[in-house]
Novice: 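What follows is a structure written as structure tokens; I'll ask about it next.
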Amino acid sequence: MTYCVGVMLDRGLVLMSDTRTNSGVDNISVFRKMFTWTVPGERIVTLMTAGNLATTQAVISLLEERLKSPDERENIVLKSPTMFQVATEVGKLLRLVIAARQAENGPAGQGRFTASIIVAGQIRGMEPRLFLIYPEGNFIEASSDTPFFQIGETKYGRPILIRGYDRAMSIEDAVKLLMVSFDSTLKANLSVGLPLDLQVIERDAFAATHEHRVTHEDAYFQAISSSWGAALKTAFHSLPDYSIYGAGRPAGGD
């Protein structure tokens with residue numbers, strides 16, 4: 001399992017993914033799940049992947065191979081005229097890979113090779129865009145109603161995103177918000193783990209304006225984790241007390 005988040009802001013995009021993959025408690029590995037392609041001054045495209053590792057690696061490998069192809073029509077990431085078409089082509093590729101792997105494995109392969117992908121980026125002359133691609137190859141785009149996407153182990157980190165997100169917030173506050181979301185997920189689920197990959201794509205930069213790998217020794221993440229835990233305890237104790245002896249209920253009664 002994994003956890004990836006992409007957030008759309010007025011100032012651009014903030015992306016974060018973990019790197020843990022496991023096939024049992026005694027077989028845990030680190031694999032990068034964030035992949036970026038750029039044409040300086042013209043475009044940046046970043047993919048984040050979750051799901052069956054063999055499937056997602058096959059999709060990324062095929063994209064890389066097509067980048068090396070002499071036939072420019074195969075160059076999905078760098079030559080598609082819009083981010084919408086990038087998402088469309090990545091969705092087709094994901095669907096084909098999943099279908100091929102399921103066909104190879106017959107009935108036993110049904111449901112085993114699924115994956116989902118977040119596609120983010122900007123092409124010169126257009127707005128930054130954010131897409132969530134489903135295993136079937138179809139996708140949705142971030143909007144004012146759905147301003148961020150999560151894939152993988154989403155439920156533990158979602159409440160803080162819903163409560164804390166504001167499209168007008170600063171990039172720095174968005175990074176802080178994602179740090180808290182990931183800390184909550186790490187605390188609740190062992191299938192998500194450090195290191196984490198962080199990327200900031202500011203509007204009209206057409207490059208990653210900030211990239212950082214968060215390790216176990218990262219002082220800022222440690223401070224966020226400990227401070228958030230302390231803040232939750234303080235908030236809990238500041239809530240109104242509950243009495244088991246309600247109005248008119250005798251002491252010691254049921």
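Computation of the quantities below employed the complete heavy-atom set of this structure, encompassing side-chain atoms and omitting hydrogens, waters and symmetry-equivalent molecules. Counting begins at 1 with the first residue of the sequence.
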Novice: Report yes if the side chains of V86 and R129 come closer than 4.5 Å at any heavy-atom pair, otherwise no.
Specialist: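 No, too far: nothing below the 4.5 Å cut-off.
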
Novice: Looking only at heavy atoms, what is the nearest atom pair of R203 and P128, with distance?
Specialist: NH1-CD, 3.6 Å

Novice: Decide yes or no on side chain to side chain contact (heavy atoms under 4.5 Å, CB included) for I140 and Y134, but give the supporting numbers first.
Specialist: CA-CA 9 Å; I140 58 175; Y134 296 105; 3.3 Å; yes

Novice: Following the transitive rule for hydrophobic clusters with a side-chain heavy-atom cut-off under 4.5 Å over Ile, Leu, Val, Met, Phe, Trp and Tyr, establish whether F149 and V5 coincide in one cluster.
Specialist: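 No, because F149 and V5 fall into different hydrophobic clusters, even though each may have its own neighbours under 4.5 Å.
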
Novice: Could you check R213, H210, M34 and say which one makes a side chain to side chain contact (heavy atoms under 4.5 Å, CB included) with L198?
Specialist: H210

Novice: Quick one: CG on L9 to OH on Y165, what's the gap to the nearest 0.5 Å?
Specialist: 5.5 Å

Novice: Does any N or O in the side chain of N105 come within less than 3.5 Å of the main-chain N or O of R101, such that one atom is a donor and the other an acceptor?
Specialist: yes

Novice: Determine whether V200 and I118 fall in the same hydrophobic cluster, where Ile, Leu, Val, Met, Phe, Trp and Tyr are linked whenever their side-chain heavy atoms lie under 4.5 Å apart.
Specialist: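 They do not share one cluster, since no chain of ILVMFWY contacts under 4.5 Å joins V200 to I118.
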
Novice: Distance check, rounded to the nearest 0.5 Å: D183 atom CG versus L178 atom CG?
Specialist: 12.5 Å

Novice: Could you see if M126 belongs to whatever hydrophobic cluster contains F139? Use Ile, Leu, Val, Met, Phe, Trp, Tyr and a side-chain cutoff under 4.5 Å.
Specialist: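 Linked, M126 and F139 end up in one cluster.
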
Novice: Mark yes or no for whether S17, through its side chain, and C4, through its backbone, hold a donor-acceptor pair below 3.5 Å.
Specialist: no

Novice: Using a 3.5 Å distance criterion without hydrogens, assess whether the side chain of S226 forms a donor-acceptor pair with backbone atoms of A223.
Specialist: yes

Novice: Closest approach of Q150 and T154, non-hydrogen atoms and distance?
Specialist: NE2-O, 3.1 Å

Novice: Taking only Lys NZ, Arg NE, NH1 and NH2, and the carboxylate oxygens of Asp or Glu, determine whether D197 and K33 approach each other closer than 4.0 Å.
Specialist: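 Looking at K33 together with D197, the answer is no, because their closest N to O distance does not fall below 4.0 Å.
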
Novice: Starting at CZ of R20, measure out to CG of L186 and round the result to the nearest 0.5 Å.
Specialist: 8.0 Å

Novice: Using 0.5 Å steps for rounding, measure from the CG atom of D10 to the CZ atom of R167.
Specialist: 5.5 Å

Novice: Can you tell me if T38 uses its side chain to pair, donor with acceptor, with the backbone of P40 under 3.5 Å?
Specialist: no

Novice: Less than 4.0 Å between a side-chain N and a carboxylate O, is that true for E136 and R95?
Specialist: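 Looking at R95 and E136, the cut-off is not met.
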
Novice: Are E89 and K79 close enough for a salt bridge, meaning some N to O gap below 4.0 Å?
Specialist: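 Here E89 does not pair with K79 in a salt bridge, since their nearest N and O are not under 4.0 Å apart.
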
Novice: Which heavy atom of I123 sits nearest a heavy atom of F206, and at what distance?
Specialist: C-CE2, 3.6 Å

Novice: Can you confirm whether T55 sits close enough to L94 that some side-chain heavy atom of one is under 4.5 Å from a side-chain heavy atom of the other?
Specialist: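 Sidechains of L94 and T55: in contact.
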
Novice: Do I117 and F131 come close enough that some side-chain heavy atom pair is under 4.5 Å?
Specialist: no

Novice: Considering only heavy atoms from C-beta outward, does the side chain of E172 approach that of V175 to under 4.5 Å?
Specialist: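 No. Closest side-chain heavy atoms not under 4.5 Å.
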
Novice: Decide yes or no for R43 and M83: does some side-chain heavy atom of the first lie under 4.5 Å from some side-chain heavy atom of the second?
Specialist: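 Sidechains of M83 and R43: no contact.
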
Novice: side-chain hydrogen bond (donor to acceptor under 3.5 Å, both in side chains) for D145 and S143? Distances and angles first, verdict last.
Specialist: CA-CA 5 Å; D145 294 324; S143 65; 4.7 Å; no

Novice: Please answer whether the main-chain N or O of A235 pairs with a side-chain N or O of S238 as donor and acceptor at a distance below 3.5 Å.
Specialist: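 Yes; judged by distance alone, with no hydrogens or angles, the pair exists.
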
Novice: Verify, without hydrogens or angle tests, whether S225 (side chain) and F221 (backbone) share a donor-acceptor contact under 3.5 angstrom.
Specialist: no

Novice: Using only atom types and a distance under 3.5 Å, with no angle test, would you say the side chain of R124 pairs donor to acceptor with the backbone of G41?
Specialist: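 Yes, because the side chain of R124 sits within donor-acceptor range (under 3.5 Å) of the backbone of G41.
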
Novice: Might you point out which heavy atoms bring W37 and I60 nearest each other, and give the distance in Å?
Specialist: CH2-CD1, 4.1 Å

Novice: Are M169 and I224 co-members of a hydrophobic cluster defined by side-chain heavy atoms under 4.5 Å apart?
Specialist: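 They do share one cluster, since a chain of ILVMFWY contacts under 4.5 Å joins I224 to M169.
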
Novice: Flag the pair R66 and E64 as a salt bridge only when some basic side-chain nitrogen lies within less than 4.0 angstrom of an acidic carboxylate oxygen.
Specialist: no

Novice: Quick check: closest heavy atoms across A50 and T56, and the distance to 0.1 Å?
Specialist: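 The answer is O-CG2, 3.9 Å.
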
Novice: Is any side-chain heavy atom of V90 closer than 4.5 Å to one of I133?
Specialist: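 Answer yes - side chains close enough.
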
Novice: Rounded to the nearest 0.5 Å, what separation is found between the CG atom of D204 and the CD atom of E127?
Specialist: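 If I round to the nearest 0.5 Å, the distance is 7.5 Å.
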
Novice: Going by heavy atoms in the side chains, are W228 and K176 under 4.5 Å from each other?
Specialist: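 Sidechains of K176 and W228: no contact.
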
Novice: Does S181 reach the main-chain N or O of I160 with its side chain, forming a donor-acceptor pair under 3.5 Å?
Specialist: no

Novice: Grouping I, L, V, M, F, W and Y whenever their side-chain heavy atoms are under 4.5 Å apart, do V119 and L96 come out in a common cluster?
Specialist: no

Novice: Check L194 against V214 and note the closest heavy-atom contact, atom names and distance.
Specialist: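 Closest approach of L194 to V214, heavy atoms only: CD2-O, 3.7 Å.
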
Novice: Counting only heavy atoms not in F84 (residues, nucleotides, ligands), do more than 12 fall under 6.0 Å from its CZ?
Specialist: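 12 or below, so no.
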
Novice: Which distance, rounded to the nearest 0.5 Å, do you find between the OG1 of T46 and the CD1 of I201?
Specialist: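 It is 4.0 Å, given to the nearest 0.5 Å.
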
Novice: Quick check: do F35 and L63 have side-chain heavy atoms less than 4.5 Å from each other?
Specialist: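 Of all side-chain heavy-atom pairs linking L63 with F35, none is under 4.5 Å.
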
Novice: Keeping N52 on the side-chain end and T114 on the backbone end, is there a donor-acceptor pair under 3.5 Å?
Specialist: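 Looks like no, no N/O pair under 3.5 Å.
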
Novice: In terms of the angle between their ring planes, are Y3 and F182 parallel, tilted or perpendicular, with boundaries placed at 30° and 60°?
Specialist: tilted

